[in-house]
Structure formats: C-alpha cells, structure tokens
Amino acid sequence: MVVKVYGPVFASPKRVLVCLVEKEIEFEGVPLDLLKGEHKDPEFLKLQPFGTVPVTQDGDYVLYESRAILRYYAEKYKSQGTDLLGKTVEERGQVENWLEVEAHNFNPHVFNLTLHVMFSSKLGIPRDENVIKESEEKLGRVLDIYEERLSKSKYLAGDFFSLADLSHLPFTQYLVGPIGKEYMITSRKHVNAWWNDISSRPSWQKVLQLYPAPL
C-alpha cells in the first residue's frame, strides 16, 4: 500500500517524508497549497478536522500529527530500513525524551521565526521584530543545551541516528537557509557537526530534491 502524504512541500510533512524514505516505505505526495487556503477545503477537513498538515492516508488508516506519524511508521516497520527507535528500552526512552524536547523546546521558537521571517507577507500578517528577536534569543538558549548534549554523544538520543534527530531536519533547514540564521548552528561546534551529519543523509537530500520549499 502506498502512503499518501498531503502538503509535501511544507516543513512538517517533510518530517514524515524523510522517515518514510529511511524506512523504505513507498509514498505519494498529494499537493496542498496552504498559502491559498486549500487546507480549509471541506473535503480536506474530512481527513483533518483541524485543517493542518501533514496528513497521511494509508488505505483507510489516517493520521495527522507529524510526530505521531513518525512513531507509527518507525514502530510498524521497525525491522525494515533504518532503525529509528533504538535497540533497547533505554535507547527508546532517550529517543522519546529528545523528540519531546524538539516538540516543546526547539520547535516553538523556530516556528515563530519561520512564520515571521518567511511567511508573514504571504499570509498577510505583520512581521513582528520583537517576536523575531525574542524567538532567536530563546532558540539560542535551547541550542546551548544541545551543544552540551552533543559534546557527549554523536546524536541526540545516543550514538545512533533516530527520530529525535530526524524531526529537526525541516525547520533547521529553514533556519540555515531562507531565515538567514545559519550562525546559530555554525557558531556551536558540536551542533554544527551534528547538523552537517544529519542534513547530508541521502534520505533528506532526496526529500529536498523531490519537494523544494514553497518560496
């Protein structure tokens, strides 16, 4: 069964796509233009009542929270492709821990930067320089903690690539690219080495080639 992934050019769906590539799962991208409001279409709302992306459709089975989707496919196809969950309960605990860190400590600040630097004019909302400054400062403090962690292990959950690392790829790509804050990564030795490693994975390069950013 081919997994349909809605809105593949946007960041959160790319989390799902890179996971599917790592797990060697066949998928199909279904175009959805958020900038034109297509995520509010009644037919789409039947799949995702909150009107956001990603959505995956695997036959009759539908999911629509990116990290839940990552966990589902990484578990369902654990013995196929790259093991993204760890080999022991303790390793799995670290994967879950740092996946939660990404969701609650890293993502809110980089999302604010994405919204106000990249998409404010497209969405017709005012660019708020105070939000940009505050988000940059808060993200910097988070990355200082990452620097400490990555001085002790190659990846966030340990010495193995996992969902915890993978989940950072789309928005960090924005951060070092169109947002123009590459210094936040390059100025931190261990964070920079980690980013160079994970962003050069063939799976991520394939996703970027298939679905360039929407700007």
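Both backbone and side-chain heavy atoms feed into the values below; hydrogens, waters and symmetry mates do not.
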*Between Leu156 and Asp165, which heavy-atom pair has the shortest distance, and what is it?*
N-OD1, 3.1 Å

*Identify, with sequence neighbours excluded, every residue that meets salt bridge (charged side-chain N to carboxylate O under 4.0 Å, His left out) alongside Arg67.*
Glu102

*Is there a path of hydrophobic side-chain contacts, each under 4.5 Å between heavy atoms of I, L, V, M, F, W or Y residues, that connects Leu45 with Val55?*
no

*Nearest heavy-atom pair of Ser153 and Gly158: which atoms, and what distance?*
CB-O, 3.7 Å

*Starting from the C-alpha separation in whole Å, work towards a yes-or-no answer on side chain to side chain contact (heavy atoms under 4.5 Å, CB included) for Ile198 and Phe161.*
CA-CA 8 Å; Ile198 68 172; Phe161 178 76; 3.8 Å; yes

*Value rounded to 0.5 Å, distance of CG in Leu47 from NE2 in His39*: 14.5 Å

*asked:* By the salt bridge (charged side-chain N to carboxylate O under 4.0 Å, His left out) test, which pairs, at least two apart or in different chains, include something from residues 29-43?
replied: Glu43-Lys46

_Are Phe119 and Thr114 packed together at the side-chain level, in the sense that at least one heavy-atom pair is separated by less than 4.5 angstrom?_
yes

_Applying ring-ring contact (aromatic ring centres under 6.0 Å, His included) as the test, list every pair that has at least one member in residues 185-205; sequence neighbours left out._
His168-Trp194

_Over all atoms of both residues, closest heavy-atom pair of Ala103 and Asn107_ = O-CB, 3.8 Å

_Could you check whether any side-chain N or O of Ser162 sits under 3.5 Å from a backbone N or O of Ala164, counting only pairs where one atom can act as donor and the other as acceptor?_
yes

*For residues Gly7 and Pro13, report the shortest heavy-atom separation together with the two atoms involved.*
O-CG, 3.0 Å

_Which atom of Cys19 lies closest to which atom of Leu70, heavy atoms considered_ = CB-CD2, 3.5 Å

*Partner residues of Leu210 under the side-chain contact (heavy atoms from CB on, under 4.5 Å) criterion, sequence neighbours left out*: Phe27, Lys206

*Listed by chain and number, what are the ring pair (Phe, Tyr, Trp, His ring centres under 6.0 Å) partners of Tyr211, not counting sequence neighbours?*
none

*Who are the ring pair (Phe, Tyr, Trp, His ring centres under 6.0 Å) partners of Tyr77, not counting sequence neighbours?*
none

*Atom pair CG (Leu32) and CD (Gln48), whose distance is rounded to the nearest 0.5 Å*: 10.5 Å

Run the side-chain donor-acceptor check on residues 133-144: report pairs under 3.5 Å with partners two or more places apart or on a different chain.
from: Lys133; atom 1: NZ; to: Glu137; atom 2: OE2; distance (Å): 2.7
from: Glu134; atom 1: OE2; to: Lys138; atom 2: NZ; distance (Å): 2.8
from: Ser135; atom 1: OG; to: Val131; atom 2: O; distance (Å): 2.8
from: Glu136; atom 1: OE1; to: Lys181; atom 2: NZ; distance (Å): 2.9
from: Glu136; atom 1: OE2; to: Tyr183; atom 2: OH; distance (Å): 2.3
from: Asp144; atom 1: OD1; to: Arg188; atom 2: NE; distance (Å): 2.9
from: Asp144; atom 1: OD1; to: Arg188; atom 2: NH2; distance (Å): 3.1

*Rounded to the nearest 0.5 Å, what's the gap from CD1 on Ile132 to CZ on Arg127? Could you check?*
4.0 Å

*Applying side-chain contact (heavy atoms from CB on, under 4.5 Å), name anything that partners Thr88, two or more places apart in sequence or on another chain.*
Glu90, Glu91

*Is there side-chain contact between Phe106 and Thr172, with heavy atoms separated by less than 4.5 Å?*
yes

*asked:* For residues 194-203, which residue pairs pass the salt bridge (charged side-chain N to carboxylate O under 4.0 Å, His left out) check, not counting sequence neighbours?
replied: Glu22-Arg201, Lys154-Asp197

*With sequence neighbours excluded, what pairs up with Phe50 under the ring pair (Phe, Tyr, Trp, His ring centres under 6.0 Å) test?*
none

_Single-linkage hydrophobic cluster, 4.5 Å side-chain cutoff, Tyr61 and Val53 together_ = yes

*Atom CD of Glu129 with >12 non-hydrogen neighbours under 6.0 angstrom*: yes

*Considering non-hydrogen atoms only, spot the tightest contact between Gly86 and Val95 and give its length.*
N-CG2, 4.5 Å

*Val62 versus Thr56: any side-chain heavy-atom pair under 4.5 Å?*
no

*What do the steps show when you test Leu115 against Ile125 for side chain to side chain contact (heavy atoms under 4.5 Å, CB included), and what is the final call?*
CA-CA 9 Å; Leu115 183 64; Ile125 62 174; 3.7 Å; yes

*asked:* Quick one: does any side-chain atom of His116 pair with a main-chain N or O of Asp128 as donor and acceptor, under 3.5 Å?
replied: yes

*Take Tyr146 and Trp98 through the side chain to side chain contact (heavy atoms under 4.5 Å, CB included) test and state the conclusion after the steps.*
CA-CA 10 Å; Tyr146 279 40; Trp98 285 96; 3.9 Å; yes

*Could you tell me whether a side-chain N or O of Glu26 sits under 3.5 Å from a main-chain N or O of Val2, the two making a donor and an acceptor?*
no

*Is the Tyr6 ring parallel, tilted or perpendicular to the Phe44 ring (thresholds 30°, 60°)?*
tilted

_Looking at Lys4, is its backbone amide N or carbonyl O close enough to the side chain of Glu28 to form a donor-acceptor pair, meaning the two atoms are under 3.5 Å apart?_
no

_Please report the interatomic distance CZ(Arg71) to CD(Glu65), rounded to the nearest 0.5 Å._
10.5 Å

*Which residues share a side-chain contact (heavy atoms from CB on, under 4.5 Å) with Glu148, sequence neighbours left out*: Ser151, Lys152

*Sub-4.5 Å side-chain heavy-atom contact between Lys76 and Lys23*: no

*Which distance, rounded to the nearest 0.5 Å, do you find between the CE of Met118 and the CG of Leu175?*
10.5 Å

*asked:* Can you list everything that forms a side-chain contact (heavy atoms from CB on, under 4.5 Å) with Lys78? Sequence neighbours excluded, please.
replied: Glu75, Asp83, Leu85

*asked:* Nearest 0.5 Å, please: how far is CD1 in Ile185 from OG in Ser199?
replied: 9.5 Å

